[in-house]
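Each remark here refers to the structure printed beneath this line.
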Amino acid sequence: MADVKPILRKDNTTSPIIMIAIVVLGLIVGVFYYIQVLRDSVVDVLPPNIPPNDKLVQFNTLQLDFSIFDNERFQSLKIFGESPVRPDTTGKSNLFSAF
């Protein structure tokens, strides 16, 4: 048989420049992804055309009728339960339990 040399394992030493280049490339790709995809979509909404002399004049003569509060049916309404409502712990402690 011929001389067989054993396969020697080389130490894998990678240059830190390659690792730095991968990180910088990842940051650049991430910034472009954020700018193009994840950025909040801003839609330009123009305000409606309002004439300059419109001062909501029609509301000067607005009359509200509060006589419903003097109505006998309104006065006979009753409050059931506590008022104001006090929040309490609700729900299950374990969402995946049967009960």
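On a predicted model such as this, the values are computed, not experimentally measured, just so you know.
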task = Please round to the nearest 0.5 Å and tell me the distance separating atom CG of Leu25 and atom CD1 of Ile22.
result =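 Here the interatomic distance stands at 8.5 Å.
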
query = To the nearest 0.5 Å, what is the distance between CZ (Arg73) and CD1 (Ile68)?
reply =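 Interatomic distance, Arg73 CZ to Ile68 CD1, rounded to 0.5 Å: 9.0 Å.
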
Is [X] linked to [Y] within one hydrophobic cluster, defined over Ile, Leu, Val, Met, Phe, Trp and Tyr using a side-chain heavy-atom separation of less than 4.5 Å?
X	Y	result
Leu27	Ile35	no
Phe69	Leu77	yes
Ile20	Val29	no

